[in-house]
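In what follows, a structure is listed as C-alpha cells, so that the remarks can point back to it.
Numbering starts at 1 and runs along the sequence shown.
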Amino acid sequence: MAKGNSSFDIVAEADLQEVDNAVNQTKKELSQRFDFKGSKASIEYNRDEKKITLVGDDDFKLRALKDMFAIRLAKRGVSIKLLIFKEPEKVFGGCIQQMVDLVSG
C-alpha cells in the first residue's frame with residue numbers, strides 16, 4: 001500500500017485541437033457533398049466557449065451533419081460522450097439549429 005496522503009483524479013477533457021480539426025474536416029466534406037449543394041447547412045466552432053453550432057435546412061440534413069461530425073471526431077480519437085447535444089430549434093429562414101457543448105471534468 002502507498003503511504004501518505006495520495007489521491008488521483010480522472011479527468012475527461014476533449015483535445016480542443018482535434019475537435020477543431022474535426023470541425024474543419026466536416027466543413028470540407030459539407031462543401032463537397034452533392035446532397036448539401038445549395039444548402040444553408042453549416043458547422044461553427046467557438047473554441048473559447050467550447051461550443052459547436054450545427055445548422056441544417058431540415059431535420060434530415062441536421063442529422064446527416066451530426067453523423068459526419070461524429071465520424072470525424074471518432075477518427076481523431078475524441079469520444080462522442082464528451083458532447084452534450086441541446087434540443088434543436090428553428091431559426092432564420094426555416095433552418096434548424098442545434099447547439100453542442102464540450103464537457104470537461
Side-chain angles (χ1 to χ4, degrees):
M1 287 223 110
K3 291 183 180 180
N5 191 8
S6 63
S7 81
F8 65 93
D9 294 327
I10 298 175
V11 177
E13 190 168 319
D15 182 355
L16 299 181
Q17 183 59 48
E18 291 298 335
V19 173
D20 192 27
N21 291 340
V23 168
N24 289 332
Q25 284 184 334
T26 304
K27 283 182 183 180
K28 185 176 180 180
E29 183 177 350
L30 190 63
S31 69
Q32 294 175 346
R33 283 188 44 165
F34 179 76
D35 55 339
F36 282 94
K37 293 287 183 199
S39 171
K40 296 176 188 170
S42 66
I43 181 170
E44 298 299 325
Y45 175 47
N46 186 334
R47 191 172 185 153
D48 296 331
E49 295 180 12
K50 297 182 180 178
K51 293 187 183 288
I52 300 164
T53 306
L54 305 170
V55 177
D57 293 341
D58 52 32
D59 192 45
F60 175 75
K61 288 193 177 169
L62 184 64
R63 273 188 271 138
L65 182 58
K66 280 173 38 178
D67 291 343
M68 280 192 294
F69 181 55
I71 289 169
R72 296 291 169 247
L73 284 175
K75 285 185 177 180
R76 298 197 151 274
V78 178
S79 175
I80 308 297
K81 294 178 181 179
L82 295 175
L83 302 177
I84 297 175
F85 289 91
K86 306 286 182 164
E87 281 296 314
E89 54 191 38
K90 296 237 182 220
V91 290
F92 57 92
C95 293
I96 300 175
Q97 175 178 316
Q98 185 169 25
M99 302 298 291
V100 183
D101 293 332
L102 287 171
V103 177
S104 60

Interatomic spacing from NZ in K28 to CZ in R33 - rounded to 0.5 Å: 15.0 Å
Basic-acidic side-chain contact under 4.0 Å: K51, E44: no
Which side-chain N or O atoms in residues 57-69 pair as donor and acceptor under 3.5 Å with protein atoms at least two apart or in another chain?
residue, atom, partner, partner atom, Å
D57, OD1, K40, N, 3.0
D57, OD2, S39, OG, 2.7
D57, OD2, K40, N, 3.4
D58, OD1, F60, N, 3.3
D58, OD1, K61, N, 2.8
D59, OD2, R63, NE, 3.3
D59, OD2, R63, NH2, 2.9
K61, NZ, D35, O, 3.4

For the pair K50 (side chain) and Y45 (backbone), establish whether a donor and an acceptor sit closer than 3.5 Å, ignoring hydrogens and angles. no
Consider only side-chain N and O atoms of N21 and Q17, and report whether a donor and an acceptor are under 3.5 Å apart. yes
Which donor-acceptor pairs under 3.5 Å do the side chains of residues 85-97 make with protein atoms, sequence neighbours left out?
residue, atom, partner, partner atom, Å
K86, NZ, D101, OD2, 3.0

Nonpolar side-chain network containing V55, other nodes, edges under 4.5 Å: none
So do T53 and V100 actually touch side chain to side chain, heavy atoms under 4.5 Å? no
Does one hydrophobic cluster hold both V103 and M99, with members joined at side-chain heavy-atom distances below 4.5 Å? no
Could you work out, with side-chain contact (heavy atoms from CB on, under 4.5 Å) as the rule, every residue matching D48, not counting sequence neighbours? N46
Would you say the side chain of L82 lies within less than 4.5 Å of the side chain of V19, judging by non-hydrogen atoms? no
State the CG-CD1 distance between L102 and I52, to the nearest 0.5 angstrom. 4.5 Å
Scan the side chains in residues 72-79 for donor-acceptor partners under 3.5 Å anywhere in the protein, sequence neighbours excluded, and list what turns up.
residue, atom, partner, partner atom, Å
R72, NE, E29, OE1, 3.4
R72, NH2, E29, OE1, 2.5
R76, NH1, E18, OE1, 2.6
S79, OG, K81, N, 3.1

